[in-house]
**Q** 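Here you go, one structure.
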Amino acid sequence: MYYKSLYAKKPYTIKSFTRLLRKKVKREMKKYEHKKIEEKWQTLWAKSNAFVADKDCSGEKYYVLEMFPYPSGKIHMGHVRNYSIGDVIARFFKMRGKNVIHPMGWDSFGLPAENAAIAHGTHPKAWTHENIDFMRAQLKRMGLSYDWAREVASCTPEYYKWSQWIFLKFLEKGLAYKKKSSVNWCPDCSTVLANEQVEDGLCWRCESEVIDRELEQWFFKITDYAEELLDFTEKLPGWPERVLTMQKNWIGKSVGAKATFSVLGSGEVVEIFTTRPDTLYGVTFMSLAPEHPLVEKITTQDRDKEVRAFVEKVKAEGKNALDAPDFEKEGVFTGAYCLNPLSGEEVPIYVANFVLMGYGTGAVMAVPAHDQRDFEFAKKYKIPIKVVINPPGTELTPDTMEEAFTGEGVMVNSAALDGTSNLEGKAAVIRLLSEAKKGEESINYRLRDWGISRQRYWGCPIPIIYCDDCGAVPVPEKELPLLLPDGVELGGAGLSPLDIESFTKVDCPECGRVSKRETDTMDTFVDSSWYFLRYLSPDLEDLPFDKTEANFWMPVDQYIGGIEHAVMHLLYARFFTKALRDIGLLDCDEPFKNLLTQGMVCMETLKCEEHGYLLPEERDENGLCVRCKKPVTVGSVEKMSKSKKNTIDPDGIIERYGADTTRLFSLFAAPPERDLDWNLDGVEGSYRFLSRVWRLVNENIETLKNATPYAGEAKLEGFLGEVHRATHKTIKKVSGDIEERFHFNTAISAVMELTNLLYQDKWRENKDIDEELSGAVFRAAIEAVVLLLSPFAPHMAEELWEALGSEVPLYKTPWPSFDERALVTDELELVCQINGKLRARLMVSASVTKAEVEKLVLNDSKIKEWTLDKEIKKVIYVPGKLVNVVVAK
RNA sequence: GCGAGAGUGGCGGAAUUGGCAUACGCGCCAGACUUAGAAUCUGGUGGGCGACCGUGGGGGUUCGAGUCCCCCCUCUCGCACCA
């Protein structure tokens with residue numbers, strides 16, 4: 001293309017010309033040196049503060065946030081994907097004129113630092129900060145548009161001072177409290193384990209059995225917000241349904257009643273929660289959890305031995321026993337009886353292995369006729385079954401029932417309530433219970449308060465002092481941050497590494513008496529529950545964040561991260577936001593307006609029957625295992641993990657192909673919420689595409705530089721018209737795909753299509769085409785390609801933008817807009833169907849009427865072949881799309 | 001068991017509102033260029049010789065179904081004696 005502009009006078013044949021052109025281009029064209037280009041623009045962006053958010057809280061804000069990483073050593077493909085997605089959104093909205101804030105930081109307290117310290121003899125702080133420095137450099141090499149001035153790391157005193165401050169505010173508000181609670185305890189290591197360190201009931205390190213141990217722990221009262229947290233799941237349309245469902249299940253609201261059953265012959269009462277008060281008259285026994293405190297008090301002498309043995313047995317089986325598929329319901333009679341609060345009937349009290357102490361009150365009123373579990377239990381232990389609800393029109397008999405009846409029906413055997421529907425019966429029973437002062441309506445949640453105490457070193461110290469006289473006393477605010485001491489022995493046998501006198505010995509702030517500091521640190525989920533607020537005021541010294549800034553920037557407009565945080569982190573952060581709002585620190589109800597949960601990054605696995613998973617280099621050129629020479633099978637595509645030996649190091653990919661290619665591929669191969677199959681040939685393909693764009697611009701750089709982009713002044717025909725239309729169609733498509741759907745894969749494919757069109761050698765098919773006009777159309781198309789590509793491959797886009805002679809760098813350039821008029825065509829192709837099957841295509845004028853179409857179609861020779869001798873029943877015309885002729889068969 | 005999501009060429013995926021199934025990319029095939037080439041460019045590529053058949057399977061609604069409805073199968077994820 002553009003023969004003349006390159007070789008002004010002498011005419012060439014196509015062949016000889018192309019040959020010459022290739023040689024010349026090979027000699028002269030600027031090569032695509034991704035490394036050089038990427039370094040150049042990264043330096044320039046940093047120097048010019050290209051991505052600093054507007055500090056005066058002006059304009060239309062847009063807060064893009066990706067989940068901050070744990071600095072484990074180096075970034076992995078999951079990070080690459082997460083941050084590539086976020087960067088497209090950030091760059092896009094910035095070009096759209098929004099005041100974008102796009103920060104990054106480090107979730108840098110946590111166990112791996114401590115383990116690394118034990119294993120390698122380093123200090124957790126040194127290890128963590130080295131990792132942060134390394135990973136920051138990696139992120140910078142990806143060319144992500146972060147406002148690095150807002151960087152925070154949760155392990156720095158500047159940050160955790162405010163985690164401690166928030167803890168104290170929660171304490172003031174009654175949102176933090178202390179209670180005894182059971183923890184996972186490894187007797188061999190004599191230490192507490194986090195849940196994830198318990199594998200099948202065994203300690204991950206020494207494989208000895210983990211036991212429950214009661215410890216005093218700090219809790220956050222998240223249950224105070226259970227109702228609001230649940231309520232707002234209906235008000236978060238920008239969240240994936242499944243995340244909301246998971247949170248709803250986690251909160252687990254049940255509406256029902258509480259009732260008290262007096263224990264016969266003792267002053268004790270059993271309190272129960274039920275969702276079926278309507279079945280209260282059908283209670284034939286009571287089940288208690290083995291850990292229920294009443295068990296010891298009410299068991300009769302003659303039953304004592306058996307009950308004790310049973311409780312021990314259940315304890316020994318551990319918590320996981322319930323999850324086993326062959327788990328069987330078992331129980332023992334305690335010898336005690338209690339009274340039905342309404343009927344006064346005596347019912348036996350059992351201890352049952354399926355009753356959970358952690359849910360409701362740890363006691364269940366058992367109604368075998370209307371609850372399957374109770375039914376099975378009653379059958380096993382020959383306990384009577386009493387029907388109190390009959391299905392409409394039927395009468396149940398306990399002896400013939402094969403399963404519990406849990407449906408709706410009419411109440412029977414229920415004294416005054418006989419004959420009422422069980423739905424009305426619920427309220428009626430609650431009324432009777434209230435009148436008798438034996439119960440009331442009650443709402444129960446599965447959600448428990450959040451235990452935040454960790455017997456660990458590398459975390460935020462809990463700012464509490466224990467005084468024998470004054471109790472738990474908060475560390476005075478002015479003494480914050482309470483610094484984590486340096487010289488601490490890790491991996492020792494003590495309960496908490498912080499339990500050393502140099503740290504714990506302190507005078508009580510209230511009475512001055514020698515006292516002891518709390519030795520536990522906070523769960524790291526505390527740190528990540530408010531980091532998005534610290535980004536807004538990273539240097540503020542007298543508060544965790546500034547209220548005006550928080551009210552301007554919050555909520556986060558788009559949050560992006562992994563599905564693994566669907567419940568814990570996202571629920572805790574929501575709780576924190578509401579609690580901080582009630583403390584008066586900001587006005588926001590919900591922290592994250594829109595949530596995108598990206599899929600996992602997967603890769604094919606290699607397997608040898610003898611050696612299991614293999615690394616790619618453990619397979620020789622003949623496809624055999626290098627060790628045993630047995631054939632290697634290409635296994636399933638699975639989530640990248642070290643154990644499956646199918647990880648790809650982003651550094652290697654970035655080094656070889658550049659950040660632009662790496663980003664482009666991770667966005668092109670699948671839509672964000674789906675799993676992504678990493679594929680080295682696919683990466684090659686993305687590189688090839690970028691190289692094509694590079695050549696397209698650089699091979700024609702003189703023409704392009706001298707052209708003014710076509711802006712729709714003159715009427716275009718033929719190929720030029722096609723290019724012009726395609727340019728605007730692509731702008732529309734890419735804008736929509738990014739803004740409305742985050743479907744980056746289709747956005748990229750649209751740019752590829754436009755690029756392919758521009759590669760077609762049709763520029764001079766009509767000799768009369770004006771050189772200047774075709775240059776203008778070409779330039780407009782190329783500008784679109786470069787701008788539309790810029791959120792995905794920002795470095796190349798900047799470089800090409802500069803090469804085109806633009807004075808303003810691309811990051812300051814607005815997103816292109818499309819001209820609706822350019823999309824209009826005079827003629828269009830009409831798909832012609834007979835009985836819904838494609839039979840012909842017709843070119844028709846865009847303004848054609850239905851009658852004209854009918855005439856045209858029925859006279860078409862191809863169509864006539866199909867309609868010959870057939871009765872035409874009707875003709876359906878979808879304007880601009882298709883026409884369907886319905887004929888008799 | 002309950003809840004959510006998915007199933008489309010050899011592969012990743014597209015089809016936004018019921019309207020040309022398989023865009024774009026990978027792979028493969030052919031051609032061009034080349035001393036040569038794994039580079040680059042161009043073209044082809046669901047199956048079947050064909051009428052036709054094709055979006056996990058079966059039925060339905062419709063002029064028309066990957067898309068809507070009913071039943072079933074498979075996979076992934078979450079929850080799971082929650083009283």
Side-chain angles (χ1 to χ4, degrees), chain A residues 15 18-19 22-23 25-26 240-250 252-254 256 272-276 279 287 289 322-323 327-329 352-356 358-367 371-374 376-377 444-446 563-564 566-567 599-600 602 604 637 664-665 668-671 673-686 688-689 691-692 695 733 736-737 740-741 743 745-753 755-756 759-761 829-841 873-878 880-887:
Chain A
K15 252 190 177 172
T18 347
R19 194 173 303 136
R22 295 250 150 76
K23 280 191 177 151
V25 159
K26 244 184 198 168
E241 195 54 47
R242 65 178 181 143
V243 174
L244 294 173
T245 309
M246 281 161 80
Q247 294 212 348
K248 275 183 221 169
N249 290 342
W250 190 262
K253 178 181 179 178
S254 316
I272 60 100
F273 169 79
T274 180
T275 54
R276 296 294 304 274
T279 64
S287 316
L322 258 78
D323 300 331
F327 178 80
E328 226 180 285
K329 291 179 200 33
N353 61 351
F354 64 90
V355 179
L356 307 168
Y359 183 79
T361 61
V364 183
M365 67 172 213
V367 187
D371 181 286
Q372 188 57 27
R373 293 156 300 181
D374 298 343
E376 286 165 27
F377 195 86
N444 193 62
Y445 298 93
R446 189 179 163 276
I563 187 74
E564 66 272 19
V567 177
M600 297 180 301
C602 301
E604 64 180 22
V637 174
L664 189 78
F665 177 74
F668 176 66
E673 61 282 358
R674 260 209 249 187
D675 285 353
L676 175 135
D677 285 2
W678 198 268
N679 171 313
L680 293 171
D681 289 333
V683 177
E684 197 85 41
S686 292
R688 202 143 53 208
F689 166 65
S691 306
R692 261 163 81 76
R695 278 196 309 273
K733 164 89 180 147
D737 279 353
E740 287 154 33
R741 312 196 299 162
H743 278 202
N745 54 333
T746 52
I748 293 165
S749 85
V751 182
M752 286 175 170
E753 279 182 83
T755 306
N756 289 344
Y759 256 94
Q760 289 195 6
D761 250 339
E829 193 185 65
L830 205 58
V831 169
C832 306
Q833 299 179 333
I834 307 283
N835 288 349
K837 286 195 175 135
L838 178 69
R839 296 300 183 202
R841 294 162 194 279
K873 288 189 160 173
K874 61 174 155 174
V875 177
I876 288 150
Y877 174 54
V878 183
K881 281 196 175 148
L882 62 71
V883 57
N884 188 14
V885 182
V886 184
V887 299

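Naming convention: chains lettered A, B, ... in sequence-line order (proteins, then strands); numbering from 1 in each chain. Since we're looking at a predicted model, the values are computed, not measured.
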**Q** For nucleotides 23-25 of chain B, tabulate all protein N/O to nucleotide N/O atom pairs closer than 3.5 Å, reporting atom names and distance.
**A**
from, atom 1, to, atom 2, distance (Å)
A23(B), O2', E753(A), OE1, 3.2
A23(B), O2', E753(A), OE2, 3.2
G25(B), OP1, N756(A), ND2, 3.2

**Q** Taking only residues two or more places apart in sequence or in another chain, which ones pass side-chain hydrogen bond (donor to acceptor under 3.5 Å, both in side chains) with D737(A)?
**A**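 Per chain and number, D737(A) pairs via side-chain hydrogen bond (donor to acceptor under 3.5 Å, both in side chains) with K733(A), R741(A), T746(A).
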
**Q** What residues, two or more places apart in sequence or in another chain, satisfy ring pair (Phe, Tyr, Trp, His ring centres under 6.0 Å) together with Y445(A)?
**A**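 Counting only residues at least two positions away or on another chain, Y445(A) forms no ring pair (Phe, Tyr, Trp, His ring centres under 6.0 Å).
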
**Q** Just to be sure I understand the rule, does V875(A) reach a base, reach only the sugar-phosphate, or reach nothing, if contact means heavy atoms closer than 4.0 Å?
**A**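 Contact class for V875(A): none.
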
**Q** Kindly write out the residues that satisfy side chain to side chain contact (heavy atoms under 4.5 Å, CB included) with L244(A), not counting sequence neighbours, or none if the list is empty.
**A**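 Checked L244(A) against side chain to side chain contact (heavy atoms under 4.5 Å, CB included); matches are T233(A), L236(A), W239(A).
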
**Q** Mind checking what makes side chain to side chain contact (heavy atoms under 4.5 Å, CB included) contact with T755(A), not counting sequence neighbours?
**A**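 Listed in chain order: F689(A), V693(A), L696(A), V751(A), Y759(A), V785(A).
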
**Q** According to side-chain hydrogen bond (donor to acceptor under 3.5 Å, both in side chains), who are the partners of E328(A), at least two apart in sequence or on a separate chain?
**A**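 So E328(A) forms a side-chain hydrogen bond (donor to acceptor under 3.5 Å, both in side chains) with K380(A).
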
**Q** Between the protein and nucleotides 18-20 of chain B, which nitrogen or oxygen pairs are less than 3.5 angstrom apart?
**A**
from, atom 1, to, atom 2, distance (Å)
C20(B), O2, R841(A), NH1, 2.5
C20(B), O2, R841(A), NH2, 2.8
C20(B), N3, R841(A), NH1, 3.4

**Q** Kindly write out the residues that satisfy side chain to side chain contact (heavy atoms under 4.5 Å, CB included) with A352(A), not counting sequence neighbours, or none if the list is empty.
**A**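 Partners of A352(A) under the side chain to side chain contact (heavy atoms under 4.5 Å, CB included) test: S287(A), F354(A), V355(A), F377(A).
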
**Q** In dot-bracket, 5' to 3', how would RNA chain B read with Watson-Crick or G-U wobble pairs under 3.5 Å, [ ] for crossing ones and | for pairs to another strand?
**A** (((((((..(((......[....)))((((((.......))))))((....))..(((((..]....))))))))))))....

**Q** Can you name the residues that form a ring pair (Phe, Tyr, Trp, His ring centres under 6.0 Å) with W250(A), not counting sequence neighbours?
**A**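 Result, ring pair (Phe, Tyr, Trp, His ring centres under 6.0 Å) vs W250(A): none returned.
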
**Q** Look at all strands and tell whether P240(A) reaches a base, only sugar-phosphate, or nothing, counting heavy atoms closer than 4.0 Å.
**A**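 Nothing, no heavy atom under 4.0 Å.
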
**Q** Applying side chain to side chain contact (heavy atoms under 4.5 Å, CB included), name anything that partners R841(A), two or more places apart in sequence or on another chain.
**A**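 So R841(A) forms a side chain to side chain contact (heavy atoms under 4.5 Å, CB included) with E829(A), V831(A), L838(A).
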
**Q** So, is S254(A) near the phosphate of A83(B), with a side-chain N or O under 4.0 Å from OP1 or OP2?
**A**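 Answer is yes, contact under 4.0 Å.
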
**Q** Using the 3.5 Å cut-off, write out each protein N or O paired with an N or O of nucleotides 4-8 of chain B and the distance between them.
**A**
none

